[in-house]
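All of these numbers come straight from a predicted model, not from anything done at the bench.
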Amino acid sequence: MTFEELVAEAEADPEIVGVMLGGSQGRGGIVTEHSDLDVYFVAVDDEARKSWARKHPLRHGDPIEVITITLGFLRERPKPRTPEAYDAYALAHVAVLVDKLNGEVAALVEARELVDPASASEPLDDFVNYVYRARKSARAGNRRAARLDAAESVGPFLEFLFAVHGRVRPFNKWLEWELEHHPLERSWKVDELLPRLERLLDGDEVELVASFRDAERLARERGLGETIDGWEPDVAWLRGDHSVEG
């Protein structure tokens, strides 16, 4: 069955209320000769989802990958730091092809790209924890452990950075595209942020300190200073004040 035939069948099926094209084709970026079509079908309930999935099962690797979800799933905001939250970016910037609910499907898809900025406190705490561990290991001369902890800091740093701006963290594959097409505030431009992440992955202690300082500044600007203060009496040391023992 062709893509056009699938969409036409969904349009004729009263139990399918929405169709979205996701992935590279839907976002219009990073399209290669190996790119498939990720097509999302929104069923009115779980019985309708099962019925559609039986007719059109998801088979990874097919030229057209059919993903069937329910309207209830789309309406429910995933809890922060759950598997559903980590997968939320799959529906970010998708192309809505069919919306039988007068714009509700499109609105729900757009809402799943957003997160509560207050949820940024937990990944911020994780980031600070890895910075602390990396700097401790570096001071002890354990270079390998310091590099591993610095590399581990990148994930929560990105999660914090996007969450504090009210946005879901993109998949790594889409990070550069996201920053170019949907930029964060000026101080986090793509041509500056990506090299910083590379330095963190290399365990660069200067970058660890600089990233902590910038994360602290942003956290305090956005009302998350308590998370930073929870690391007292080591905050000054984390900022790079070598006159203070960490």
Side-chain angles (χ1 to χ4, degrees), residues 1-116 119 123 155 158-159 162-163 165-179 181-182:
M1 180 174 284
T2 67
F3 169 70
E4 291 77 13
E5 289 170 337
L6 260 177
V7 173
E9 181 180 341
E11 287 181 314
D13 189 333
E15 295 194 313
I16 299 296
V17 294
V19 181
M20 295 93 72
L21 178 61
S24 301
Q25 303 284 359
R27 293 190 184 101
I30 320 181
V31 179
T32 72
E33 60 181 312
H34 304 293
S35 297
D36 54 17
L37 292 173
D38 296 329
V39 192
Y40 293 83
F41 295 87
V42 185
V44 292
D45 55 30
D46 200 50
E47 283 302 311
R49 180 193 65 80
K50 291 176 182 177
S51 176
W52 183 267
R54 280 194 295 269
K55 291 185 291 182
H56 306 289
L58 170 61
R59 287 188 286 259
H60 292 290
D62 279 1
I64 303 174
E65 292 194 358
V66 176
I67 305 104
T68 312
I69 61 177
T70 64
L71 184 59
F73 171 84
L74 199 56
R75 284 173 172 161
E76 184 177 355
R77 296 292 294 274
K79 295 179 180 179
R81 316 209 89 193
T82 61
E84 292 79 13
Y86 283 118
D87 280 343
Y89 190 77
L91 290 174
H93 316 303
V94 296
V96 178
L97 307 179
V98 176
D99 186 345
K100 299 179 184 177
L101 300 180
N102 300 316
E104 183 182 356
V105 171
L108 290 171
V109 168
E110 186 174 349
R112 288 184 72 87
E113 301 171 18
L114 308 177
V115 299
D116 181 356
S119 70
L158 285 172
E159 188 181 351
F162 279 91
H165 286 91
R167 290 162 54 181
V168 64
R169 174 190 167 183
F171 300 144
N172 292 330
K173 171 185 174 180
W174 288 95
L175 176 61
E176 185 172 358
W177 181 92
E178 180 75 16
L179 290 168
H181 291 81
H182 305 277

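- The CD atom of Glu47 lies 12.0 Å from the OG1 atom of Thr70; values are rounded to the nearest 0.5 Å.
- The distance from atom CG of Leu179 to atom CD of Glu176, rounded to the nearest 0.5 Å, is 8.0 Å.
- Taking every heavy atom of both residues into account, Ser24 and Lys173 meet most closely at OG-NZ, 3.8 Å.
- Arg167 places a side-chain N or O within donor-acceptor distance of the main-chain N or O of His182, the cut-off being under 3.5 Å.
- Rounding to the nearest 0.5 Å places CD1 of Ile67 at 8.5 Å from CZ of Phe41.
- Salt-bridge formation is detected for the pair Glu159/Arg81: a Lys NZ or Arg NE/NH1/NH2 atom is positioned less than 4.0 Å from an Asp or Glu carboxylate oxygen.
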Steps toward side chain to side chain contact (heavy atoms under 4.5 Å, CB included) verdict (Val44, Val17): CA-CA 7 Å; Val44 292; Val17 294; 3.4 Å; yes
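- Remark: the backbone N or O of Ile16 is paired with a side-chain donor or acceptor of Lys100 at under 3.5 angstrom.
- No side-chain heavy atom of Val19 sits under 4.5 Å from any side-chain heavy atom of Val42.
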Using residues 101-113 as the side-chain source, report each donor-acceptor pair under 3.5 Å to any protein atom, sequence neighbours left out, with the distance given to one decimal.
from	atom 1	to	atom 2	distance (Å)
Glu104	OE1	Arg75	NH2	3.4
Glu104	OE2	Arg75	NE	2.9
Glu104	OE2	Arg75	NH2	3.0
Arg112	NH1	Phe73	O	3.0
Arg112	NH1	Glu76	O	2.8
Glu113	OE2	His93	N	2.9

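- The line from CG of Leu71 to CZ of Arg49 is 13.5 Å long, rounded to the nearest 0.5 Å.
- Contact detail for Ala88 and Val168: the closest heavy-atom pair is CB-CG2, 3.9 Å.
- The two residues Phe171 and Tyr89 make their nearest non-hydrogen contact at N-CD2, 3.6 Å.
- Sorted by first and then second residue, the pairs that involve residues 53-68 and meet salt bridge (Lys or Arg N to Asp or Glu O under 4.0 Å), not counting sequence neighbours, are Glu9-Lys55, Asp13-Lys55, Arg59-Asp62.
- Between the NE2 atom in His60 and the CG atom in Asp38 there is a gap of 9.5 Å [rounded to 0.5 Å].
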Test log, rule side chain to side chain contact (heavy atoms under 4.5 Å, CB included), inputs Glu84 and Asp87: CA-CA 5 Å; Glu84 292 79 13; Asp87 280 343; 5.8 Å; no
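- Heavy atoms only, all atoms of each residue included: Phe162 and Glu178 are closest at CE2-CG, 4.0 Å.
- Residues Pro78 and Thr82 approach most closely at CB-OG1, 4.3 Å, considering heavy atoms.
- Using a 4.5 Å heavy-atom cutoff, the side chains of Val94 and Leu21 are not in contact.
- Interatomic distance, Leu6 CG to His56 NE2, rounded to the nearest 0.5 Å: 5.5 Å.
- Taking Asp45 as the reference, nothing meets the side-chain hydrogen bond (donor to acceptor under 3.5 Å, both in side chains) condition, with sequence neighbours excluded.
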Evaluation steps, side chain to side chain contact (heavy atoms under 4.5 Å, CB included), between Trp52 and Glu15: CA-CA 9 Å; Trp52 183 267; Glu15 295 194 313; over 6 Å; no
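- Between Ala90 and Tyr40, the closest heavy-atom pair is CB-OH, 3.5 Å.
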